[in-house]
Amino acid sequence: MNLTLKIWRQKNSKDKGKMETYPVKDISPDMSFLEMMDVLNNQLIESGQDPVAFDHDCREGICGMCSMFINGEAHGPGRGITTCQLHMRSFKDGDTIYIEPWRAAAFPVIKDLVVDRSSFDRVIQAGGYVSVNTSGNTQDANAIPVPKEDADKAFDAATCIGCGACVATCKNSSAMLFVSAKISQLALLPQGKVEAKQRALNMVKQMDEEGFGNCSNTGACEVECPKGISLENIARMNREYLKASTS
Amino acid sequence: MSKLDSKVPEGPLKDKWTNYKDHINLVNPANKRLIDVIVVGTGLAGGSAAASLAELGYNVKAFCFQDSPRRAHSIAAQGGINAAKNYQGDGDSTYRLFYDTVKGGDYRSREANVYRLAEVSANIIDQCVAQGVPFAREYGGLLDNRSFGGVLVSRTFYAKGQTGQQLLLGAYSALSRQIARGKVTMYNRHEMLELVIVDGKARGIIARNLVTGEIERHSAHAVVLCTGGYGNVFFLSTNAMGSNVTAAWKAHKQGAFFANPCYTQIHPTCIPVSGDYQSKLTLMSESLRNDGRIWVPKKIEDVKAIREGKLKPKDIKEEDRDYYLERRYPSFGNLVPRDVASRAAKERCDAGFGVNKTGEAVFLDFSSAIERYGKTEANIQGIENPSKEKIIELGKKVVEAKYGNLFQMYEKITDDNPYETPMKIYPAVHYTMGGLWVDYNLMTTIPGCYACGEANFSDHGANRLGASALMQGLADGYFVLPYTIGDYLSKDIRTGKIPTNSPEFDAAEAKVKEQLSKLIDNNGTKSVDYFHKRLGKIMWDKCGMARNEKGLNEALVEIAQLREEFWKDVKVPGKMNEFNPELEKAGRVADFLELGELFAKDALHRNESCGGHFREEYQTEEGEAKRDDVNFAYAAAWEYKGKPGDAVLHKEELKFENIELKQRSYK
């Protein structure tokens, strides 16, 4: 198939940036979206132009590195997938495809489609952990039974890959889905409950300092999340936060 | 004395590690504050090492090329992590895990290291649960286990098909805690491009800031390389696009011996290649072999009809299917180790029974499992005389709960629904058992330079068992290195900060800049990928699942020629001092082009078949790998001598005092 790509080009964080148009030919429907981008880049390199910078690594939907806003949607059309899992069979011959970076104040553009998501790391550093050292002398793993339902819910929250699609999708650039996933995971497990209050307060504080917006409950983040992280987690985070701030 | 001193402690196997820990030198807490350690890579090994060293009180500088330490490729490990907990009461023990790992590795690993690994495995699970890793649990609230290839017990802990992700996020959270405390300085989007040696000791690295392109000097009292494997030398592998050998290779060129480079694991269950544009291959977890049955049609006319789309796999009658693993290996069946399963798939496809257009695929079928689980579930729910549809409906739910995300991943890529039709799979390059040679302390042949996780060669011999990579990465980082490195650093408490303005740093930086400018100013005509793909093809065709003398000799010549061509004709756009992913790739491929040659040389010298190394000349009448314990029961450690092809072999003889060497049999 032959396609027209409209891609955001921006030299560096200070450059204003603009959309550029690139035609690509003979794209196989079995290619992944990033393989299509590889074809474009090889074309650009061989004709002496600057290839399009984009983040990617595992190309199997788990590292959370890839981050394209395709035709107005984080990770493009299709649900429950990252950009690297999107295949060209989702498009038609002759389509025009718009490709942009995540756009949020807390995710400044580094180049073209590459953004800086270190704000996410700083939110985790504010409390997204259980404070245990690696002594090898913790108690036996089966010493505290955890109800399967809680363990499963904690797991579902823990599957967040930290890609930032929720932020890119939200009209307020809120990071609540991301932050609540970690707060929920740890609050649901006995090992994490000990520090639950302080964790909720610290992580929310850091989230606000990074310049993420607030949640206005539109639920768009949940729809676009490649891992299906539930909005329920935001409710749980609010509860944890409220509990922590009133006691 | 030989240069290769494994430093294995004296005493009975089961007491070695305890005795060792009782007698090493320690660094007192006040002095730890005076010592800096560099950790390169933030996967399971690097993340856990950096966090643990910081907890102990050392000043850690950690580096990763990704935009966050949470993205290292350990995250993609699916199936699980082994530990000798014996929660299932099925007879597991430290000795059995040790035995299975040595046997699984085809008797080419070091006994003492493997025993230690088995010994600390149980602590890993305790540690991870304490960190809040949400492992799968049973209804009673206790941890669940599954079974993996090459063993007869259930000792694998898991978190659906995302075990690596959950463990890595556990290590990442421990690391984040230390970053917040200021004990770890984290350098994201940085790549190590040279190791700096001062007075014979590893004292720092040269790194490139991938955002600004700036070349930076970082000094420390020790350098720990946790930089993963080199499977991407094959271009197509299950590794992440950025996974590379550069850090390990630079250390090798500075004097670290590289051991057993030819031991590569070709994983049996990956999604087959679909076209020339393919950039990577996707693994389907080995755990699927618990319930999936592997087969091809018995009749060649059925194969033809399937390829042409005239018949569907479901149309092939039970008696016309060849469940070749169950046929050849009745006692382990579909759960034979990876090397055995991969070669068996290749054997069938080479014989013309491959079931896709390219002839390189076999079926992995879940229909029996769906039916079996459906029946059990109907009993549990008290449904009498359930209809076939009801059984299948219930069975699909059970299979979904176990493997849902893997089935979904498969469907996204192939557009086929594995609940309805069997998956198509084929072997792909997955893991490299070879790596930097390390002694019992995990130190390379360069004093002060350590290697952990997949980057070292130590624990898996010639073949790694499923769910053992995660175990080794975390064992090295959480429980082994923090002890062993202390013994070395105890001599450095009076050294003081290592200056970065020494001639050694000057020289290392100059060398890095020279290579980068050479790449940028090359003005060639072909992209980096063009060369990488050609290297991959040579490696796959001539150094792949089965090798022979003729092919390996050709590979040696072809790789050297390709390297020459690369340096003449590669084209790298952009500049050095800016964000430039093509420049990063170029440096990595340049190193793969050197490693590939050493790989072929190693495979050529090893005149036997063992584990993941299969030489066609050395096989039994039944086509199984034929070891030569008289001549090759050693680890081959190569010393760099100016060119990859001129490397000099050093042998570490492997002594088996606690296990009898046997022909490995899974029949």
Side-chain angles (χ1 to χ4, degrees), chain A residues 12 28 30-32 34-35 38-39 42 45-46 50-51 53 55-65 80-81 85 87 89 110-111 114 116-118 120-121 124-126 128-134 136 138-142 145-148 151 154-155 158-159 162 185-186 189 191-192, chain B residues 48 51-52 55 66-68 70-71 73 75-76 85 87 120 123 125-127 129-132 134 137-143 159-160 162 165-166 169 173-174 176-177 179-180 188 211 240-242 274-275 277-280 282 408-409 412-413 415 478-479 527 529 571 573-574 579 581-582:
Chain A
N12 50 50
S28 154
D30 288 330
M31 276 183 194
S32 74
L34 296 184
E35 283 164 352
D38 292 341
V39 170
N42 258 318
I45 292 166
E46 290 186 0
D50 188 25
D55 265 333
H56 64 106
D57 199 27
C58 79
R59 295 208 178 185
E60 52 186 279
I62 194 74
C63 76
M65 192 113 174
I81 53 168
Q85 292 174 298
H87 280 72
R89 62 180 86 94
I110 292 175
K111 187 182 178 186
V114 176
D116 178 354
R117 285 169 286 191
S118 52
F120 268 13
D121 282 333
I124 297 293
Q125 286 155 20
Y129 44 76
V130 176
S131 301
V132 289
N133 279 0
T134 46
T138 47
Q139 63 182 344
D140 185 82
N142 262 348
V146 180
K148 185 171 164 50
F155 170 82
T159 56
Q185 175 205 338
L186 296 176
L189 296 170
Q191 291 81 6
Chain B
S48 60
S52 303
E55 284 164 11
Q66 297 91 346
D67 73 329
S68 161
R70 67 178 291 152
R71 307 204 198 280
H73 198 54
I75 204 152
K85 278 285 198 185
Y87 282 160
V120 302
N123 286 343
I125 305 302
D126 299 342
Q127 177 64 35
V129 166
Q131 280 173 348
R137 288 178 184 267
E138 295 168 344
Y139 282 101
L142 303 184
L143 294 165
K160 273 201 185 164
Q162 282 140 276
Q165 180 197 26
Q166 294 310 314
L169 294 181
S173 68
S176 296
R177 178 171 161 243
I179 296 172
N188 297 338
V211 176
M241 300 303 286
S274 71
Y277 48 79
Q278 193 117 12
S279 60
K280 80 153 269 158
T282 303
Q408 187 203 18
M409 189 195 274
K412 297 284 179 205
I413 294 174
D415 217 16
Y478 280 141
F479 299 121
S527 71
D529 278 358
K571 178 172 188 167
F579 187 75
E582 281 296 314

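Convention: sequence-line order gives letters A, B, ...; per-chain numbering from 1. No experiment lies behind these values; they were computed from the predicted model shown.
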| From CD (B/Q166) to CD (A/Q185), nearest 0.5 Å | 6.0 Å

| Which answer fits B/E582, side chain, backbone, both or neither, if we ask what part of it has an atom under 4.5 Å from a heavy atom of chain A? | side chain

| task | Drop me the distance from B/Y277's OH to A/N42's CG, to the nearest 0.5 angstrom. | result | 15.5 Å

| message | Checking A/R117 now: which residues fulfil salt bridge (Lys or Arg N to Asp or Glu O under 4.0 Å) with it, not counting sequence neighbours? | response | A/D55, B/D67

| task | Answer yes or no: is there a donor N or O on one side and an acceptor on the other, between the side chain of A/D50 and the main chain of B/G574, under 3.5 Å? | result | no

| Taking atom CG of B/N123 and atom OG1 of A/T138, what is their separation to the nearest 0.5 Å? | 7.0 Å

| Is there a side-chain contact between A/Q139 and B/D126 (heavy atoms, below 4.5 Å)? | no

| So, for A/V130 and B/G132, which heavy atoms are closest and what is the spacing to 0.1 Å? | CG2-N, 4.4 Å

| Which pair of non-hydrogen atoms, one from B/F479 and one from A/T134, has the smallest distance, and what is that distance? | CE2-O, 4.4 Å

| field | B/I179 vs A/D121, side-chain contact (heavy atoms from CB on, under 4.5 Å): CA-CA, chis, key distance, verdict | value | CA-CA 10 Å; B/I179 296 172; A/D121 282 333; over 6 Å; no

| query | With a 4.5 angstrom heavy-atom cut-off, which part of A/D38 approaches chain B: side chain, backbone, both or neither? | reply | side chain

| field | Under 4.5 Å from a heavy atom of chain B, the part of A/I45 involved | value | both

| From CD1 (A/I62) to CD1 (B/I75), nearest 0.5 Å | 6.0 Å

| field | Closest non-hydrogen atom pair, A/G80 against B/Q408 | value | O-NE2, 3.9 Å

| field | Non-hydrogen atoms of B/M241 and A/H56 that approach each other most closely | value | CG-ND1, 3.6 Å

| Most chain A-contacting option - heavy-atom pairs closer than 4.5 Å, from B/G242, B/G275, B/A240 | B/A240

| query | Taking atom CD of B/Q127 and atom CG of A/N133, what is their separation to the nearest 0.5 Å? | reply | 8.0 Å

| request: Can you see which heavy atom on B/L169 is nearest to which on A/A158, and at what distance? | output: CD1-O, 3.6 Å

| message | Taking every non-hydrogen pair under 4.5 Å, which of A/D116, A/V39, A/T159 racks up the most with chain B? | response | A/T159

| task | Calculate, to the nearest 0.5 Å, the distance between atoms SG and NE2 belonging to A/C58 and B/H73 respectively. | result | 6.5 Å

| field | Between A/E35 and B/S279: side-chain donor-acceptor atoms closer than 3.5 Å | value | yes

| task | Using atom types as modelled and distance alone, determine if a side-chain donor or acceptor of B/R177 lies under 3.5 Å from a backbone N or O of A/V132. | result | yes

| request: Name the member of A/A53, A/A154, A/P145 that forms the most heavy-atom pairs with chain B at distances under 4.5 Å. | output: A/P145

| Which bit of B/I125 comes within less than 4.5 Å of chain A, counting heavy atoms only: side chain, backbone, both or neither? | both

| remark: One option among B/A51, B/S48, B/S274, B/A76 has the most heavy-atom pairs under 4.5 Å with chain A, and it is B/A76

| Evaluation steps, side-chain contact (heavy atoms from CB on, under 4.5 Å), between A/Q85 and B/M409 | CA-CA 8 Å; A/Q85 292 174 298; B/M409 189 195 274; 4.1 Å; yes

| query | Is any side-chain heavy atom of B/R71 closer than 4.5 Å to a side-chain heavy atom of A/D57? | reply | no

| said: Just so I understand: if I count every heavy-atom pair under 4.5 Å between each of A/V114, A/D140, A/L34 and chain B, which residue has the most? | reply: A/D140

| field | Which atom of A/P51 lies closest to which atom of B/P573, heavy atoms considered | value | CD-CG, 3.7 Å

